[in-house]
Each structure stands twice: as C-alpha cells, then as structure tokens.
Amino acid sequence: MSDDFRPRSDFLSVLLERGFVHQCSDLEGLDRKAEAGELVAYIGFDCTAPSLHVGSLVQIMLLRWLQKTGGKPVALMGGGTTRVGDPSGKDQARQLLSLETIAANKEGIKQIFSRFLTFGEGKTDAAMPDNADWLGTLNYIDFLRDVGRHFSVNRMLSMDSVKLRLERESELTFLEFNYMCLQAYDFVELYKRHGCILQMGGSDQWGNIVTGIDLGRRMGTEQLYALTSPLLTTASGAKMGKTAQGAVWLDASMLPVFDYWQYWRNCEDADAGRFLKLFTELPVDEIARLQALGGAEINEAKKILATEATAMVHGREAAEAAAEAARKTFEEGALAESLPSVAIARAEVTAGLGVLAAFVKAGLVASTGEARRQIKGGGLKVNDVTLTDERAVIGESDLTDDVVKLSLGKKRHVLLRAV
C-alpha cells in the first residue's frame, strides 16, 4: 500500500484515517468507484454460533462506514459455507452443524446487524442474502465443469489456510479444501445478483478474496476488488474477542451489558486510542485528545470508549446504565441494581448456601475447585468482604433487598437474587 496515496472518496479517507486497512488490491481504482457512488461491497459471516463476538466488530464497522459514506453494504450470511467450515487459521476441522442449528444461528446474527445497518430497497440500503440460496442448488458436475476448471490446485496448495495445515501435518479434509472455491464463487454470484465489486474481510482472508477476483476475471465479471483489515490483537498480544471467561458476545442474552462495558473499560492503556478509532464514531481529533491523556486520566478515555462502544451494540440508554452501575460499584461502593444477576431459590439461602456452590451458580468460577483456589488467593468477595473460609455459607442475613453481591477480583461482579 503506497504511503503517498491520498484518497478522494469519503469511504477510503475514513478507513485509512481510522486504521481499518491492511491490504487492498487496487486503492486508486477502488477510490474512483467509491467517489462515483458506485461501491457495493460485501463481507461474509458464517453461522457458526448464535451470535457474533467482538472479533467480528471490525468487519461490521467496515460495512457501517461504507453505508455512512454513500456505499451499499451486503452482509452475506453463510448458510451454505457454514455446512463446509472455513479452514483459515484452524488447526483442525470445525464441528459440522445441523441445518436447524445453522438456521437458528443465522437468526441470532441477523439481530446484531439490525443495530448497525439500515436495511431496505434503496440504493445504499443494506442487503442480507444467504449463500445457501445458490450453493444449496448447485449441480456438482456442472459446478466442476463451469467453475472448478478455473482453479489451480497448485495455487490452492500455496494458500496459508492449506499450507499451514499441511506443514503441521494436521489433516485437511477434501470438504474444507473446497471452501475457497465456494467463497470465490460467492463473489461472482454477488456481483451478478447485487453488483458487488468489493469483498472485505480480515487479513487471513486475503488469499480467498483474491481467488474470487481471479475467478471473476475468468468468468467475465468487471474488475473486482479486495480490501482486508488488520487481524487485531491487544497491546500485549492477546486475541481480540476472547477473555479468560470466554468469548465477548454481542448478544446481551449471552453476555450481560455490564460485562460488555467492563470489557472495554478494562482494555490496556496502550489500546485506548486505537480502539476508539475502530469501535466508536467519535471524531478523530477528539480521539487524539483522549489518546494524549496521561497517567490516571487515561481511565477517563477508557470509560468513554466503553460507553461509546457499548452504545453501538446495545443502545445509548443501556450503555449509560452500565456506566452508572460501574461508577456506583467502583467509585461509591454501592450495590448497583444493573449489575448482572442470577436468580436462586430462596429456600437455598434459607437453608444456607455454601460459598463454593454460590460462586459456581453465579458463573464467576467454573468449578468448586477453582473457587477454593480463588479463596486461597484472596480473589473472592461476598458483599465486598474478602472470603477466607471455603466452608462459609450465605444465609438470609447476607441479603440486602433479596440480593447478595459476589465478586471475583476487582472487576467482575454478579448479584445473586433470592426468588
């Protein structure tokens, strides 16, 4: 990517300024299309889980900025390709899912996009096709003759998704080997159906995307384009979207809004500015001001990041409620009603609920053994009092308005609510 390239389109200006671009097949050609208002672009999302997580947010934001700058975003649901499984970045084959599970997952993912994109029939309104519509009806022999003949096995073997598995002597099934053919064919179909000329994705998708460009050229499409974003890690090298407790889901039923807010609030200081550019719509000059804050003031920048990023996914009201809950919990020591809560039978509390079982029920630890280890390290608290006795029980006297507060470390809190 040339350092002296100066975009004329709003789309590429935003993406380059905010750090979204890792590679592009032709920046100048793509810039001309975007400036002319002719840019239709897609990103594919396989339906492997009932929600997307933070690791998909960069791609979602790419589609959002495309729409905000006058382009048409296409969020492709991978109802067909999910049945195969993308081998990119994987050491072993993905678990094959049933058609019913894929359909349920797709419905959950659709809800996420409704918060970021405007759908409809207008020129810049988003579309959400499903590649099962064309992949599910393919005739195998016809596909081999009409599409498969354009693929070079030599080149396919050189792709990172294949090469790494072979180098590690990990099995790569014939099913997975076909994935890049299907993804490339998606690009051609989306060009025919929606006029898509750009496919975007993470940097690990570069080989698959340019394979689609080559297939399009061989099958008579106009010039197609590729743009990838950096694969994000935190300043310390951890993968985005994962924590010790699991994935950071974008669905509130899978991760409470408070915990989502806390994920961003607890980011490393060195990541605050970069994350503000990628995951909020604050002006870049305001982000520069926040990024320049030093010492303890950087925490204010991280609170703004947490609230803005949470508002994007869960709405402004829920984000501000989570911020207020955090303020009361950490700055005032109060019992914030909007903390994540888990209902338990009052009879359990009346009989005396063991603290080990209580922390497992709250989801703060995975097992009673882990709870014991945390107690030995001083990591568990009941109503802000550090636990020292693993045989302690929670009773009626520990309840305030039918609630007891359990804490793991300084950052994770759950209310056990007797019902």
Side-chain angles (χ1 to χ4, degrees), residues 41-68 71-83 86 94-95 97-122 124-133 136 186 190 194 196 200-202 229 240-243 245-264 278-281 306-323 338 340-342 363:
Y42 89 97
I43 301 176
F45 298 86
D46 278 350
C47 309
T48 54
S51 172
L52 299 176
H53 58 65
V54 162
S56 298
L57 260 185
V58 169
Q59 310 311 317
I60 297 172
M61 290 299 292
L62 280 170
L63 292 175
R64 182 175 172 88
W65 280 117
L66 172 65
Q67 188 169 52
K68 287 174 72 72
K72 182 181 181 69
V74 176
L76 176 65
M77 294 293 99
T81 43
T82 305
R83 297 173 65 180
D86 184 0
R94 295 176 186 267
Q95 179 184 358
L97 303 178
S98 69
L99 294 179
E100 292 77 15
T101 299
I102 292 171
N105 289 348
K106 184 173 73 171
E107 290 306 310
I109 292 170
K110 281 183 177 180
Q111 299 305 312
I112 302 297
F113 281 98
S114 66
R115 304 168 197 164
F116 287 87
L117 302 174
T118 300
F119 289 85
E121 300 300 322
T124 63
D125 285 341
M128 185 177 281
D130 185 340
N131 61 17
D133 291 345
D186 281 346
L190 287 170
H194 295 276
C196 278
M200 301 184 287
S229 59
M240 281 288 294
K242 301 285 186 180
T243 69
Q245 288 74 43
V248 183
W249 298 106
L250 304 183
D251 188 324
S253 68
M254 298 177 70
L255 183 76
V257 177
F258 181 84
D259 288 354
Y260 188 81
W261 190 95
Q262 280 293 317
Y263 172 78
W264 296 106
L278 292 171
F279 303 118
T280 80
E281 292 177 344
T307 300
E308 294 299 316
T310 302
M312 293 288 292
V313 176
H314 298 294
R316 178 66 56 184
E317 184 177 347
E320 291 180 353
S338 53
S341 66
V342 174

Kindly indicate, with the supporting measurements, whether the criterion side-chain contact (heavy atoms from CB on, under 4.5 Å) is fulfilled by Val313 and Phe116. CA-CA 8 Å; Val313 176; Phe116 287 87; 3.7 Å; yes

Non-hydrogen side-chain atoms of Ser229 and Gln59 separated by less than 4.5 Å: yes

Step by step, would you call Met77 with Asp46 a side-chain contact (heavy atoms from CB on, under 4.5 Å)? CA-CA 6 Å; Met77 294 293 99; Asp46 278 350; over 6 Å; no

Verify the distance criterion only: is there a donor paired with an acceptor across the side chains of Trp261 and Thr307 at less than 3.5 Å? yes

Hey, what's the ring geometry for Phe113 with Phe45, parallel, tilted or perpendicular (30° and 60° as the breaks)? perpendicular

Smallest separation among heavy atoms of Pro73 and Leu117, with atom names: CG-CD2, 4.1 Å

Apply side-chain contact (heavy atoms from CB on, under 4.5 Å) to Leu250 and Ile60, showing your working. CA-CA 11 Å; Leu250 304 183; Ile60 297 172; 4.0 Å; yes

Heavy-atom pair with the smallest gap, counting every atom of Met200 and Ala41: CE-CB, 4.0 Å

If you take all heavy atoms of Lys72 and Gly122, which pair is closest and at what distance? NZ-O, 3.4 Å

Nearest heavy-atom neighbours spanning Lys106 and Asp130: NZ-OD2, 2.7 Å

Ring centroid separation for His314 and Tyr260, is it under 6.0 angstrom? yes

Indicate whether the side chain of Asn131 and that of Thr81 have a donor and an acceptor atom separated by less than 3.5 Å. yes

Within 6.0 Å of CZ in Arg64, more than 12 heavy atoms from elsewhere: yes

Yes or no on side-chain contact (heavy atoms from CB on, under 4.5 Å) for Ile109 and Ser51, after CA distance, side-chain angles and deciding distance? CA-CA 5 Å; Ile109 292 170; Ser51 172; 5.8 Å; no

What are the two closest non-hydrogen atoms of Phe119 and Asp125, and how far apart are they? C-CB, 4.0 Å

Taking all atoms of both residues into account, what is the closest heavy-atom pair of Cys47 and Ile102, and its distance? CB-O, 3.8 Å

With no hydrogens and no angle check, do the side chains of Asp251 and Ser253 hold a donor and an acceptor under 3.5 Å apart? yes

